[in-house]
Enquirer: 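Sending over a structure as structure tokens; questions will come in a sec.
Only heavy atoms go into these numbers, but all of them, side chains included; no hydrogens, no water, no symmetry mates. Here the structure is a predicted model, which means the values were calculated and not measured.
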Amino acid sequence: MSEYVIEMLGITKSFPGIKANDNITLRLKKGEIHALLGENGAGKSTLMSVLFGLYEPDEGYILKDGVKVSIRNPNEATRLGIGMVHQHFRLVNVFTVLENIILGAEDSRYGFLVKKTAGEKVVALSEKYKMEIDPDAKVENLTVGMQQKTEILKMLYRNNDILIFDEPTAVLTPQEISELMNTMKSFRDEGKSILFITHKLDEIMQVADRVTVLRKGRCIGTVNTRDTDKKQLSAMMVGRDVALKVKKSPARPTDNVLEVKELCVSSLLHKSQLAVNGVSFNVKKGEILAVAGVDGNGQTELISGITGLSRVKKGSVAICGKDITNMPVSVRNRDFLSHIPEDRHKHGLVLDFSLMDNLVLKRYREEKFQRLGFILKESVRSYAEGLIKAFDVRSGEGADTVTRSMSGGNQQKAIIARELDIGLPLIIAVQPTRGLDVGAIEYIHKELIKKRDEGFAVLLVSLELEEVMNVADRILVMHKGKITGEFYPEKTSVKELGLAMAGIKKAGAHSE
């Protein structure tokens with residue numbers, strides 16, 4: 001019997017204008033965690049989609065336990081014991097958590113759906129792997145982190161023994177990531193085999209046994225984790241040395257740009273409860289203020305209240321001295337703030353529009369992009385191509401690419417390019433580097449600091465404590481809907497922040 005549970009041999013897959021996978025060979029051993037590393041658009045998700053039956057390869061073939069198999073759809077992959085947690089959630093928003101988990105694997109009796117047994121199994125799994133969620137909650141009301149947990153439980157419910165994780169930790173807190181890493185190790189100890197796509201080098205070094213690196217659709221090589229380090233892996237991935245910690249000068253904040261006073265916003269999940277309860281703070285010109293907290297402690301609702309996506313129950317929001325509390329979203333986007341949203345698909349992009357149209361989405365009414373109500377296509381194209389080049393947004397057909405067909409990381413880069421170029425006084429960046437590779441993260445961090453130095457105010461919301469410590473000038477910790485502490489990166493530590501996020505550290509317990 002083969003030592004490899006999966007062998008993908010000579011896999012080639014092309015799309016219009018791009019060869020996503022070019023003669024890639026990948027071998028997965030039984031009972032190992034095998035990381036797949038590469039830049040945004042390197043072909044990682046495409047390769048895993050071939051294994052899961054979402055795409056058929058143009059060339060090459062797959063062996064399962066040494067036997068050639070044809071995987072033409074996800075149902076065939078499931079029958080072979082292959083499960084996948086997708087980077088972009090495959091969930092039905094109007095269904096409950098339980099309904100999404102059992103979809104396609106329903107238990108019925110006399111033609112009627114039997115939910116009780118399935119519900120008990122889902123609850124048991126969620127408790128076992130410390131991913132407690134409400135099975136009866138509708139997915140459309142869940143935070144991004146909770147949706148990610150639903151995806152993971154959906155795979156566990158099917159008892160798969162070959163597990164594909166496509167950026168599973170992108171929206172998890174440090175504590176949740178640590179728990180997931182331990183869970184993955186326990187899967188390996190149980191004899192399961194894991195393919196793990198991630199851009200986070202720390203996670204690879206922590207849990208992976210081997211790493212395969214892709215670059216621009218080609219396989220650069222496979223190495224044992226114990227024989228490499230983060231610097232070597234980042235160089236293999238990007239093709240150059242990468243600064244893993246961005247350099248910046250001290251902030252020189254001046255006037256207030258954003259002023260939030262006694263803000264109260266209802267929970268998106270439970271409308272009768274307050275997710276933001278009496279929050280007050282400000283962000284000044286020339287500073288990056290970060291809001292840190294465990295997912296679900298009101299950060300999403302706080303940003304929704306500031307941007308106008310949710311109604312404010314009480315309190316006020318002002319930008320540059322102008323009260324915008326009840327202003328329409330369109331006016332805020334036009335005159336006051338740029339917004340890199342938490343959920344790029346729901347609030348950041350029109351997926352069936354071209355990349356070009358998405359890049360001009362907030363500016364098409366300007367004179368240079370329209371005349372007498374008609375869009376000036378060449379002006380839009382020229383503008384879009386400039387942003388595509390500046391931010392290295394990779395797509396098969398350039399400005400004409402349908403945005404849905406792009407990799408998640410390149411979709412994110414498109415949003416960041418659009419929002420940072422607008423030039424409004426406040427930049428709100430929520431999980432701005434979610435799903436980005438180390439090279440792109442380095443670039444985005446430099447751009448945010450550049451905007452700060454140009455006099456813009458930046459409000460950063462991130463679950464990545466390293467990002468918060470690396471980029472922010474001042475940090476607020478949010479716990480149970482309230483600001484519970486203010487910290488300065490040079491006077492605190494990741495451990496101290498983590499304790500504050502968990503509600504253990506007392507507010508204001510720091511030196512200034």
Side-chain angles (χ1 to χ4, degrees), residues 4 24-29 31-45 47-48 87 163-170 172-189 193-248 392 407 409 433-446 462-471 489 493-495 497-498:
Y4 299 110
I24 292 176
T25 291
L26 172 69
R27 292 182 171 92
L28 174 67
K29 294 179 180 178
E32 79 162 341
I33 299 176
H34 193 123
L36 195 57
L37 181 66
E39 290 182 282
N40 301 122
K44 308 180 299 298
S45 293
L47 186 65
M48 292 301 94
Q87 180 184 5
L163 313 178
I164 304 168
F165 288 87
D166 190 353
E167 299 286 352
T169 65
L172 301 182
T173 64
Q175 292 89 341
E176 291 169 328
I177 290 171
S178 178
E179 289 172 2
L180 180 61
M181 296 297 103
N182 290 331
T183 298
M184 290 172 68
K185 289 177 183 177
S186 70
F187 288 157
R188 177 183 60 191
D189 295 342
S193 305
I194 298 173
L195 283 161
F196 177 35
I197 299 175
T198 183
H199 294 105
K200 299 177 182 178
L201 298 175
D202 284 330
E203 294 173 7
I204 289 176
M205 299 306 295
Q206 182 181 344
V207 299
D209 300 299
R210 293 191 298 151
V211 187
T212 293
V213 181
L214 304 185
R215 191 196 309 155
K216 295 183 178 179
R218 290 178 173 269
C219 182
I220 300 301
T222 298
V223 296
N224 293 318
T225 309
R226 65 176 179 271
D227 299 328
T228 189
D229 57 29
K230 291 192 292 183
K231 187 174 181 180
Q232 180 187 356
L233 288 176
S234 62
M236 287 177 69
M237 174 171 57
V238 181
R240 61 175 175 84
D241 289 336
V242 177
L244 299 176
K245 183 173 176 62
V246 68
K247 294 180 180 178
K248 62 176 183 175
D392 190 27
S407 72
T433 58
R434 176 191 169 200
L436 298 184
D437 59 66
V438 289
I441 290 171
E442 175 193 42
Y443 181 77
I444 297 308
H445 286 173
K446 285 181 178 178
S462 178
L463 300 177
E464 302 285 348
L465 286 188
E466 283 193 12
E467 177 169 68
V468 168
M469 293 289 286
N470 194 12
V471 178
S493 65
V494 169
K495 182 178 180 180
L497 275 182

Enquirer: Cut-off 3.5 Å, side chains only: do T433 and E464 have a donor facing an acceptor?
Expert: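 Judged by distance alone, the side chains do not pair up.
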
Enquirer: Should we say atom CZ of R188 is surrounded by more than 12 heavy atoms from elsewhere, each under 6.0 Å from it?
Expert: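 Yes, the 6.0 Å shell around CZ holds more than 12 heavy atoms from other groups.
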
Enquirer: Rounded to the nearest 0.5 Å, what separates atom OG1 in T222 from atom CE in M236?
Expert: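 The CE atom of M236 is 7.5 Å from OG1 of T222, to the nearest 0.5 Å.
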
Enquirer: Is any side-chain heavy atom of E467 closer than 4.5 Å to one of N470?
Expert: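 N470 does not reach E467 side chain to side chain.
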
Enquirer: To the nearest 0.5 Å, what is the distance between CZ (R226) and CG (D209)?
Expert: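 Between atom CZ of R226 and atom CG of D209 there are 8.5 Å.
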
Enquirer: Any chance you could measure I164, atom CD1, to F196, atom CZ, to the nearest 0.5 Å?
Expert: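 One finds 13.5 Å between CD1 of I164 and CZ of F196.
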
Enquirer: Charged N to carboxylate O below 4.0 Å: is that the case for K29 and E32?
Expert: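 Answer for the salt bridge query: no.
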
Enquirer: Return the minimal non-hydrogen interatomic distance between M205 and T228, and the atom names on each side.
Expert: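 Heavy atoms of M205 and T228 come nearest at CE-O, 3.5 Å.
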
Enquirer: In Å, rounded to the nearest 0.5 Å, how long is the span from OG1 of T225 to CD of Q206?
Expert: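 Atom-to-atom, T225:OG1 and Q206:CD are 11.5 Å apart.
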
Enquirer: Identify the two heavy atoms, one from S193 and one from G31, that lie closest to each other, and give their separation to 0.1 Å.
Expert: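 Smallest interatomic distance, heavy atoms only, reads OG-N, 3.0 Å.
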
Enquirer: Would you indicate whether the side-chain heavy atoms of L195 and L36 approach each other to under 4.5 Å?
Expert: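 Not in contact.
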
Enquirer: Go through the steps to decide whether D392 and Y443 satisfy the test side-chain contact (heavy atoms from CB on, under 4.5 Å), and finish with yes or no.
Expert: CA-CA 10 Å; D392 190 27; Y443 181 77; over 6 Å; no

Enquirer: What closest approach, in Å, do K248 and V471 show between heavy atoms, and which atom pair accounts for it?
Expert: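 Of all heavy-atom pairs spanning K248 and V471, the closest is NZ-O, 2.7 Å.
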
Enquirer: When rounded to the nearest 0.5 angstrom, what is the spacing between CD1 in I24 and CD1 in I220?
Expert: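 Atom-to-atom, I24:CD1 and I220:CD1 are 9.5 Å apart.
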
Enquirer: What's the spacing between T212 OG1 and I197 CD1 if we round to 0.5 Å?
Expert: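 Going from the OG1 atom of T212 to the CD1 atom of I197 covers 11.5 Å.
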
Enquirer: Which heavy atom of C219 sits nearest to which heavy atom of L214, and what is that distance?
Expert: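 Residues C219 and L214, closest heavy atoms: CA-CD2, 3.8 Å.
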
Enquirer: Could you check whether any side-chain heavy atom of E466 comes within less than 4.5 Å of a side-chain heavy atom of D202, counting everything from C-beta outward?
Expert: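 They are in contact (side-chain heavy atoms under 4.5 Å apart), so the answer is yes.
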
Enquirer: So V213 and V223, do their side chains get closer than 4.5 Å, heavy atoms only?
Expert: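 They are not in side-chain contact.
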
Enquirer: Would M48 and L26 satisfy side-chain contact (heavy atoms from CB on, under 4.5 Å), going step by step from the backbone distance to the final call?
Expert: CA-CA 10 Å; M48 292 301 94; L26 172 69; 3.8 Å; yes

Enquirer: Short question: side chain of S234, backbone of K231 - any donor-acceptor pair under 3.5 Å?
Expert: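 Checked: pair present.
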
Enquirer: Without swapping roles, check the side chain of R215 against the backbone of E39 for a donor-acceptor pair under 3.5 Å.
Expert: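 No, because the side chain of R215 does not come within donor-acceptor range (under 3.5 Å) of the backbone of E39.
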
Enquirer: Is the closest side-chain heavy-atom distance between H34 and I194 below 4.5 Å?
Expert: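 They are not in contact (no side-chain heavy atoms under 4.5 Å apart), so the answer is no.
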
